[in-house]
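Keep in mind that what you see is a predicted model, and the values were worked out from it rather than measured.
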Amino acid sequence: MTFSLFDSRTQSLRAFVPLNEGQVGIYLCGPTVQGLPHVGHLRSALVYDQLRRWLEVKGFDVTLVRNVTDIDDKVLENADNTGEEWWALAYRFEVEFNKAYSLLAIKPPTYEPRATGAIPEMIALIERLIEAGYAYRAEDDSANVYFAADKWADYGELTNQRIHDMDADAEADLRGKRSPHDFALWKAQKLGEPESAAWSTPFGEGRPGWHIECSAMATKYLGSNFDIHGGGLDLRFPHHENELAQSRAAGDKFANYWLHNGLVNVQGQKMSKSLGNSIFAADLLGQAKPAVVRYYLGSAHYRSVLDYHDGVLTEAETAFGRIQNFVSRAQRSLGDIHLGAQVIDYLPEAFITAMDEDLAIPAALASLHDTVREGNTALDSNDQAALLKAAQSVIAMLDVLGLDHSDANSGDNGESRVLDALIQGLIAERNAARAAKDFARSDAIRDQLKAAGVSIEDAADGTHWSVI
RNA sequence: GGUGGAGUGGCUGAGCGGCCCAAAGCAACAGCCUGCAAAGCUGUAAACCCACGGGUUCAAAUCCCGUCUCCACCUCCA
């Protein structure tokens, strides 16, 4: 029953031991809502959703905090371009993110704080840092406040770097910094920036630096010491390094485990605005069902690079369709399949082992497919007991992975009843034609249905249909 | 310059000292089933032994050294 996670800070697989027995606190860096959600955002949110679900299956009471960065240079810049209020733009994109998350069955976090809702906590944290001598007000008398990176001896501990090895940009404008490695805790209001984007503080008018937001929000909701901090690999430096430095310098223990998910590449290349190769949530969800997208995003280990290119969704669709097909066949044979309260009791050993080892979802999927094959074999040989066992097992695994197995044909609305009646009529006609050996007619009906997006399956117990 | 990661069958992608003559999926081929298909099952072929060259070990895809190639981070980024 041990559960291990790869901790980026120690760069090792560590057995997970929660601070408080039976409870887990997770802080996840959410998006800066300055644009539309892309495949990378989805993967990141999904990884931690899977982690959360697995911990819940294992009986933990999980508190998941995923923030929304709603104030930032880019938000202001983009709002300036569209002519919207910055907060209106932020809300607009936040809604888009939540829509995508919800489609993908990513459970809402326990708390989803916005950065602008934690300004007092940020100010308090900055004051503690100034007092402790790790932060200073800008040399140029602006409202900027910086963290003195070289004063904090452990700076670089998260990413195993030394300050003097870092590639500092010697040309950069210091803006009142003492050293180029220092980073902003508080940013002075700039000329032309809206009043609504500036808060009054003891240091002057301005807005928060990016890193301080997460430190403040994480400890506000999870306490000064909590279990897991997660985010995308690209946030490891400088964002997480800075978070860790400032929180520790302020006297907080902060996170016990650091998790980083791999990024999504597009045809072997990094996704970026300048390359114009970004794949947005809408692109994926327009091409395939949400469960298929979810399956695809889980097809590589969370720490590996996931490559996106043409055909990946089709492949996921076929693979996932095989699983769904089995569930439909099993349900036809067994009727509705119910699970008891303890989902974990239905999971194969191999599946549990895989999930327990740093959330090895690809290996877990292998176990899922193995079970589907066993179930199909049981179905073909009419072994009802073995079929039920396999079917329950498969449904339990899909449940844990958050993959929707519901039959597309089920549903109780009027339209689906009408549709079923019409299709059943055609199926009856086709079977009559087959009985009369009028295969030209029967094939024509099959083609007609296929053209309409309906596939049919001739089974021992009759003909069944499903939407392709 | 620094830090981290990767190179496994046609493709995706696990494995990270013996259970590996390397999982699972996709694609391919054959058989069973079918009027023919689809779905399903079974089997076959697929990785000149897991980038290349050395080494350690009774034992290496897995550890060490060297080489090559690729990627990421060190600037905003999930």
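Contact annotation: side chain of A/Arg446 to base of B/C36, donor-acceptor pair present below 3.5 Å.
Atom CG of A/Leu387 and atom C1' of B/G40 are 13 Å apart (whole Å). Rounded to a whole Å, the CD1 atom of A/Ile445 is 19 Å from the P atom of B/A37. B/A38 atom P lies 18 Å from atom NE2 of A/His464, rounded to whole Å. Following rounding to the nearest Å, A/Ile427 (CD1) and B/A38 (P) show an atom-to-atom distance of 18 Å. One interatomic measurement links the two molecules: CG of A/Asp234 to C1' of B/G4, which rounds to 14 Å at whole-angstrom precision. In this structure, CG of A/Asn431 is placed 11 Å from P of B/G35, rounded to the nearest angstrom. One interatomic measurement links the two molecules: CG of A/Asn261 to C1' of B/A72, which rounds to 13 Å at whole-angstrom precision. Per the geometry, CD belonging to A/Gln11 stands 11 Å off P belonging to B/A6, to the nearest Å.
Counting non-hydrogen atoms under 4.0 angstrom, A/Gly30 reaches the backbone sugars and phosphates but no base. At a threshold of 4.0 angstrom between heavy atoms, the contacts of A/Asn160 are confined to the sugar-phosphate backbone, with no base atom among them. Residue A/Gln34 is classed as having no contact, given no heavy-atom separation below 4.0 Å to the nucleic acid. Residue A/Lys450 is classed as having no contact, given no heavy-atom separation below 4.0 Å to the nucleic acid. If you check every strand for non-hydrogen atoms under 4.0 Å, A/Gly232 touches sugar and phosphate atoms only. Contacts of A/Arg329 with the nucleic acid, taken as non-hydrogen atoms under 4.0 Å apart, involve only primed sugar atoms and P, OP1 or OP2. Across all strands shown, A/Val47 has no heavy atoms under 4.0 Å from either base or sugar-phosphate atoms. Contact annotation for A/Leu263: base contact, defined as any heavy-atom pair under 4.0 Å involving a base atom. Counting non-hydrogen atoms under 4.0 angstrom, A/Phe237 reaches the backbone sugars and phosphates but no base.
Between B/U62 and B/G17, the two C1' atoms lie 6 Å apart (nearest whole Å). The P atoms of B/C52 and B/A27 are separated by 29 Å, rounded to the nearest whole Å. Taking the P atom of each, B/U44 and B/G35 are spaced 28 Å apart, rounded to whole Å. Nucleotides B/G25 and B/C70, compared at atom P, are 34 Å apart to the nearest Å. Look at the C1' atom in both B/U56 and B/C63: the space between them is 8 Å, to the nearest Å. Between B/G10 and B/A23, the two P atoms lie 14 Å apart (nearest whole Å). Comparing B/U3 with B/U8, their C1' atoms sit 26 Å apart, to the nearest whole Å. Comparing the P positions of B/G66 and B/C58 gives an interatomic distance of 24 Å, to the nearest angstrom.
Aromatic ring pairs are classed by plane angle as parallel below 30°, tilted from 30° to 60° and perpendicular above 60°; the pair A/Phe147 and A/Tyr155 is tilted.
Contact detail for A/Arg14 and A/Asn256: the closest heavy-atom pair is NH1-O, 2.8 Å. Across A/Ile445 and A/Leu426, no two heavy atoms sit closer than the pair CG2-O, 3.7 Å.
The A/Lys270 side chain lies nearest to B/A72 when the options are B/A72, B/G2, B/A24. Out of B/A24, B/A78, B/G2, the shortest distance to the side chain of A/Ala366 is found at B/A24. Which of B/G40, B/A78, B/G35 sits closest to the side chain of A/Arg434 comes down to B/G35.
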message: Run the side-chain hydrogen bond (donor to acceptor under 3.5 Å, both in side chains) test on A/Arg322 and A/Asn376 for me, step by step, so that the C-alpha distance in whole Å, both residues' side-chain angles and the decisive distance to 0.1 Å come before the verdict.
response: CA-CA 10 Å; A/Arg322 182 179 150 78; A/Asn376 275 320; over 6 Å; no
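Within residues 367-378 of chain A, the residues approached by RNA chain B to less than 4.0 Å at the level of any non-hydrogen atom are A/His369, A/Asp370, A/Arg373, A/Asn376, A/Thr377, in residue-number order. Near RNA chain B, defined here as any heavy-atom distance below 4.0 Å, the residues from residues 451-463 of chain A are A/Glu457, A/Asp458, listed numerically.
Salt bridge annotation for A/Lys289-A/Asp404: absent, with no cationic side-chain nitrogen under 4.0 angstrom from a carboxylate oxygen. A salt bridge between A/Lys389 and A/Glu374 is absent, with no side-chain N of the basic residue lying under 4.0 Å from a carboxylate O of the acidic one. Salt bridge status for A/Lys74 with A/Glu77: absent, with no side-chain N to carboxylate O gap under 4.0 Å. The pair A/Glu457-A/Arg332 meets the salt-bridge criterion, with a side-chain N (NZ, NE, NH1 or NH2) lying under 4.0 Å from an Asp/Glu carboxylate O.
Both A/Gln269 and A/Lys437 lie near RNA chain B, and the one whose nearest nucleotide falls closer to the 5' end is A/Lys437. The residue among A/Pro31 and A/Asp443 whose nearest nucleotide of RNA chain B is located toward the 5' end is A/Asp443.
Inspection of the A/Ser8 and A/His260 side chains reveals an N or O donor paired with an N or O acceptor under 3.5 Å. There is a side-chain donor-acceptor pair under 3.5 Å between A/Ser247 and A/Ser215. Between the side chains of A/Ser142 and A/Asn144, at least one donor-acceptor pair of N or O atoms lies under 3.5 Å.
Remark: A/Leu379 CG to A/Gln384 CD distance equals 7.5 Å, nearest 0.5 Å. Here OH of A/Tyr308 is found 5.0 Å from CG of A/Leu313. Values are rounded to the nearest 0.5 Å.
Taking the salt bridge (Lys or Arg N to Asp or Glu O under 4.0 Å) definition, one finds that A/Arg43 meets it with nothing, sequence neighbours left out. Under the salt bridge (Lys or Arg N to Asp or Glu O under 4.0 Å) criterion, A/Asp307 pairs with no residue, sequence neighbours left out.
Figure legend: cation-pi geometry between A/Arg66 and A/Tyr101, with NZ or CZ positioned under 6.0 Å from the six-membered ring centre and within 45° of its axis.
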message: I'd like to compare against my own output: the B/S/- annotation of nucleotides 8-21 of chain B with a strict under-4.0 Å heavy-atom distance to protein.
response: ----SSS-------
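Base pairing in RNA chain B yields stems of at least 3 consecutive Watson-Crick or G-U pairs, both distances under 3.5 Å, namely B:1-7 with B:68-74, B:10-12 with B:24-26, B:28-32 with B:40-44, B:51-55 with B:63-67.
Considering only heavy atoms from C-beta on, A/Thr110 stays 4.5 Å or farther from A/Val62 through its side chain.
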